[in-house]
There are 4 protein chains.
Amino acid sequence: MNNIQQNFSESKKERILQAAEYIFGRENYASATISQIAKRANVAVGTVYEYFESKETLFFSIASEKCEIFDQELRLHLAGIVNVFEKIRKYVWLYFYYFQSEPMYSELLLLNMRVNKNFRGSPAYVWIQKSVGEIITVIEEGQREGLIITDVDAYTMRHMILGSLEHITTRWLLHGKDYDLLEYSEKISNLIIRALRRD
Amino acid sequence: MNNIQQNFSESKKERILQAAEYIFGRENYASATISQIAKRANVAVGTVYEYFESKETLFFSIASEKCEIFDQELRLHLAGIVNVFEKIRKYVWLYFYYFQSEPMYSELLLLNMRVNKNFRGSPAYVWIQKSVGEIITVIEEGQREGLIITDVDAYTMRHMILGSLEHITTRWLLHGKDYDLLEYSEKISNLIIRALRRD
Amino acid sequence: MNNIQQNFSESKKERILQAAEYIFGRENYASATISQIAKRANVAVGTVYEYFESKETLFFSIASEKCEIFDQELRLHLAGIVNVFEKIRKYVWLYFYYFQSEPMYSELLLLNMRVNKNFRGSPAYVWIQKSVGEIITVIEEGQREGLIITDVDAYTMRHMILGSLEHITTRWLLHGKDYDLLEYSEKISNLIIRALRRD
Amino acid sequence: MNNIQQNFSESKKERILQAAEYIFGRENYASATISQIAKRANVAVGTVYEYFESKETLFFSIASEKCEIFDQELRLHLAGIVNVFEKIRKYVWLYFYYFQSEPMYSELLLLNMRVNKNFRGSPAYVWIQKSVGEIITVIEEGQREGLIITDVDAYTMRHMILGSLEHITTRWLLHGKDYDLLEYSEKISNLIIRALRRD
DNA sequence: GATGAATGAGCTTTCATTCAT
DNA sequence: AATGAATGAAAGCTCATTCAT
């Protein structure tokens with residue numbers, strides 16, 4: 001019975017998180033309201049505060065889950081690929097694929113969360129750092145193998161890669177998500193690889 | 001006497017703009033208040049509304065001026081350079097240089113304005129499009145000269161360039177602006193050029 | 001327990017309505033403030049908005065209740081009276097009696113509400129139309145019975161009747177309500193009946 | 001030259017009054033603004049305050065002029081008529097005619113001014129009392145001649161007459177002035193005369 | 001007399017958060 | 001644990017009025 005209650009509670013927490021993802025994505029941090037979220041989650045306003053300390057805590061909690069999933073999927077998708085450039089292609093593809101399949105979350109993360117000065121220091125940030133860190137690993141591997149140039153450091157390379165992906169995805173969001181994000185996957189991978197590959 | 005008054009008024013408008021740049025940069029669109037801005041500009045709340053229709057108008061007005069200046073400087077800096085890659089290097093350098101010298105404005109533009117859904121359609125956006133359009137011109141010139149590859153379109157290239165610059169600058173902002181942004185200029189230019197150059 | 005809460009809430013709503021009646025009557029729509037009303041009702045400003053959508057909604061809500069009561073009382077008072085002219089006398093008497101016993105509401109309705117261009121279309125207006133419509137019924141009845149002249153239409157007659165009552169009541173309000181409104185009841189009824197009666 | 005200046009000033013005052021009549025009639029006391037009036041009068045905001053102490057003073061000044069005109073016209077129109085009932089018919093007709101030909105002023109007087117608690121005590125009120133007093137004179141004359149009943153006092157009769165006229169005109173205003181007010185002139189006169197005439 | 005930029009008190013409305021039940 | 005009525009601080013914006021020119 002304790003278990004059942006636990007599950008009950010967890011599903012309520014889950015419902016709140018999902019409602020929050022939807023509402024924060026549709027509106028933005030400032031214009032979204034707790035009562036909108038509570039209504040969508042079919043709980044009372046006060047209940048939201050049983051599970052989350054404040055509006056901001058709730059806001060940052062959303063990303064945590066999604067980032068963890070992304071990180072896990074990333075590992076699975078990269079697993080078994082040997083060639084660094086194939087790994088990079090895969091990374092790019094998964095980034096676009098994931099954001100396109102979670103448009104509300106994309107909106108939330110790229111337009112609202114990243115910009116919030118308190119975001120760093122939130123638990124979600126740790127997960128993001130993990131998946132982002134993965135690229136460094138891949139790049140340094142490529143450098144050790146002699147496939148990737150070494151006169152530019154891996155961190156600058158990562159900035160270029162992430163910057164490109166973010167920019168394209170943000171643009172897609174602001175243009176109303178009315179085209180296929182994956183169209184960019186191959187083209188931008190080609191450019192990135194050209195930039196990194198040792199001649 | 002008319003002139004003096006004119007100047008007086010202009011300086012008041014100017015003071016409001018500068019106060020707004022500071023406050024909007026420090027806070028964000030939602031949490032900044034008109035009365036904070038008015039206080040900093042040493043004017044009454046109502047005076048802000050003498051010069052700007054609304055909070056949003058004021059918000060977007062700031063960028064307009066800065067973007068115009070950037071666009072003008074860009075033209076001057078590119079003038080006389082013949083080689084496309086040198087032009088790209090210059091663009092990158094100016095981008096970092098300008099944002100580093102206008103940290104409040106950077107904060108405002110990259111963290112707050114770009115993300116605002118009404119930004120597109122504001123007068124500032126037109127200027128941004130102009131300076132951003134300049135890159136396309138440069139790239140296509142390089143493609144016509146046979147120096148830049150043609151199997152990826154100029155627009156995707158632009159996304160990569162701007163994305164890289166934005167990402168690095170945003171990171172710099174979020175890290176408290178405690179290092180020299182220009183350090184990235186050469187490294188990121190090298191990467192970009194490697195990506196675009198025809199072998 | 002649910003019931004008690006319900007009652008509690010209703011009494012709070014009631015308190016707000018009464019406070020609003022008082023304040024709107026004393027001031028006028030524009031100069032009355034929500035915070036005055038809240039203070040008088042012993043609730044927080046926000047609480048007013050829990051029960052009423054807006055200042056205007058609250059404003060019009062007051063009349064609705066009162067008009068419904070008047071309409072109901074009117075029916076009761078007219079019931080059982082056979083002679084049309086007695087009915088008209090009763091109508092006149094009730095009008096003065098009701099407004100005199102609800103001076104704040106009179107002030108509100110005759111000086112503020114009637115004049116508001118959005119009043120037509122508010123729920124209160126429907127009730128007013130109902131009680132006002134009652135006169136037409138009475139007059140037409142009298143015409144059918146051959147007691148009331150037919151060379152002037154019932155609507156013009158109604159205008160005369162209501163106009164007289166409104167004018168006298170309005171004057172009473174503006175003169176500080178310092179005399180007995182009912183003194184006019186018989187005199188004005190006599191005049192009205194003289195005007196309508198077939199010789 | 002003093003004269004010219006005087007005329008200049010007077011015409012400016014006149015322009016402000018006319019603009020005020022228009023604006024106060026279109027909006028209402030609360031929503032009309034001094035700057036709207038100033039703009040329409042082609043003067044600066046401050047100039048309005050050169051001629052009128054405050055918004056309210058200006059508001060009440062409008063009626064004064066119009067009421068004086070009405071009073072003068074009333075005298076002219078009644079002059080030469082011998083029969084009291086013809087005088088009453090003339091009064092009714094002029095009332096409707098005047099208000100229909102000055103719709104802005106009607107709006108102002110009946111919907112806004114009459115309702116303002118400070119109106120009594122304004123100079124306009126004195127003029128209104130004068131023209132309104134004229135009816136009393138007519139009625140008492142009729143009573144002395146034995147044409148009008150004496151068992152109801154002249155003041156109550158006046159209330160009936162003015163109430164009818166006001167009610168019909170107010171209704172006309174609130175219905176968008178989309179029918180001919182003068183249609184009521186004969187019908188309502190007939191009713192009034194039936195009410196007053198000694199058999 | 002004439003101007004109109006500047007003022008700032010004051011308004012309605014919103015909403016995160018609390019807490020008695 | 002769950003509720004949702006109540007709170008009240010705080011925001012954007014307006015506009016009658018003033019006053020230096």
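Just so it is clear, the structure is predicted and the values come from calculations on it, not from any experiment. Chain naming here is simple, since letters A, B, ... match the order of the sequence lines and numbering starts at 1 in each.
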Query - Base-paired stems that DNA chain E participates in, counting runs of 3 or more Watson-Crick or G-U pairs under 3.5 Å - result: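 As far as DNA chain E goes, consecutive pairing (with distances under 3.5 Å) yields the stems E:2-21 with F:2-21.
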
**Report entry** Which residues share a ring-ring contact (aromatic ring centres under 6.0 Å, His included) with C:Tyr125, sequence neighbours left out
**Finding:**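 For C:Tyr125 the ring-ring contact (aromatic ring centres under 6.0 Å, His included) partners, ignoring immediate neighbours, are C:Phe119.
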
Query raised in the report: Who passes ring-ring contact (aromatic ring centres under 6.0 Å, His included) against D:Tyr105, sequence neighbours left out?
Result: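 Not a single residue meets the ring-ring contact (aromatic ring centres under 6.0 Å, His included) criterion with D:Tyr105.
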
**Report entry** Closest-nucleotide 5' rank along DNA chain F - winner of C:Gly46 and B:Thr47
**Finding:**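 Between the two, 5'-proximity favours C:Gly46.
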
Query - Earlier contact from the 5' end, DNA chain E, for B:Val48 and C:Glu53 - result: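 The residue mapped nearer the 5' terminus is B:Val48.
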
Query raised in the report: Within less than 4.0 Å of OP1 or OP2 of E:dA2, is there a side-chain N or O belonging to D:Tyr51?
Result: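 Yes, D:Tyr51 has a side-chain N/O under 4.0 Å of OP1/OP2 on E:dA2.
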
Report task. Would you please confirm or rule out a distance under 4.0 Å between OP1 or OP2 of E:dG1 and any side-chain N or O of D:Lys12? Result ->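 For D:Lys12, the contact criterion (side-chain N or O under 4.0 Å from OP1 or OP2 of E:dG1) is not met.
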
Requested in this report: State, with a plain yes or no, whether a side-chain heavy atom of A:Phe24 is found less than 4.5 Å away from one of A:Gln36.
Outcome: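 Of all side-chain heavy-atom pairs linking A:Gln36 with A:Phe24, none is under 4.5 Å.
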
Query raised in the report: Quick one: are A:Asn28 and A:Ser31 in side-chain contact, heavy atoms under 4.5 Å?
Result: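 With C-beta onward as the side chain, the pair touches.
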
Side-chain donor-acceptor pairs under 3.5 Å in residues 60-68 of chain A, sequence neighbours left out?
from: A:Ser61; atom 1: OG; to: A:Thr57; atom 2: O; distance (Å): 2.7
from: A:Lys66; atom 1: NZ; to: A:Glu21; atom 2: OE1; distance (Å): 3.2
from: A:Lys66; atom 1: NZ; to: A:Glu102; atom 2: OE1; distance (Å): 3.2
from: A:Lys66; atom 1: NZ; to: A:Glu102; atom 2: OE2; distance (Å): 3.4
from: A:Glu68; atom 1: OE2; to: A:Gln72; atom 2: NE2; distance (Å): 3.4

In terms of side-chain heavy atoms of [X], which of [options] is nearest?
X	options	result
A:Val43	E:dA16, E:dT13, F:dT3	F:dT3
B:Lys55	E:dT14, E:dT17, F:dG12	F:dG12
A:Ser54	F:dT7, E:dT3, E:dT17	E:dT17

Query raised in the report: Looking at DNA chain E, which of residues 30-40 of chain A put a heavy atom within less than 4.0 Å of it?
Result: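 Those residues are A:Ala32, A:Thr33, A:Ile34.
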
Query raised in the report: Hey, is the main chain of D:Ala32 close enough, under 3.5 Å, to the side chain of D:Lys55 for a donor-acceptor pair?
Result: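 Yes, because the side chain of D:Lys55 sits within donor-acceptor range (under 3.5 Å) of the backbone of D:Ala32.
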
Query raised in the report: Counting N and O atoms only, with roles assigned by atom type, does the side chain of C:Arg40 sit under 3.5 Å from a partner on the main chain of C:Tyr22, one being a donor and the other an acceptor?
Result: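 Looks like no, no N/O pair under 3.5 Å.
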
**Report entry** Pairing residues for D:Glu50 by the side-chain hydrogen bond (donor to acceptor under 3.5 Å, both in side chains) criterion, not counting sequence neighbours
**Finding:**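 Residues passing side-chain hydrogen bond (donor to acceptor under 3.5 Å, both in side chains) with D:Glu50: none at all.
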
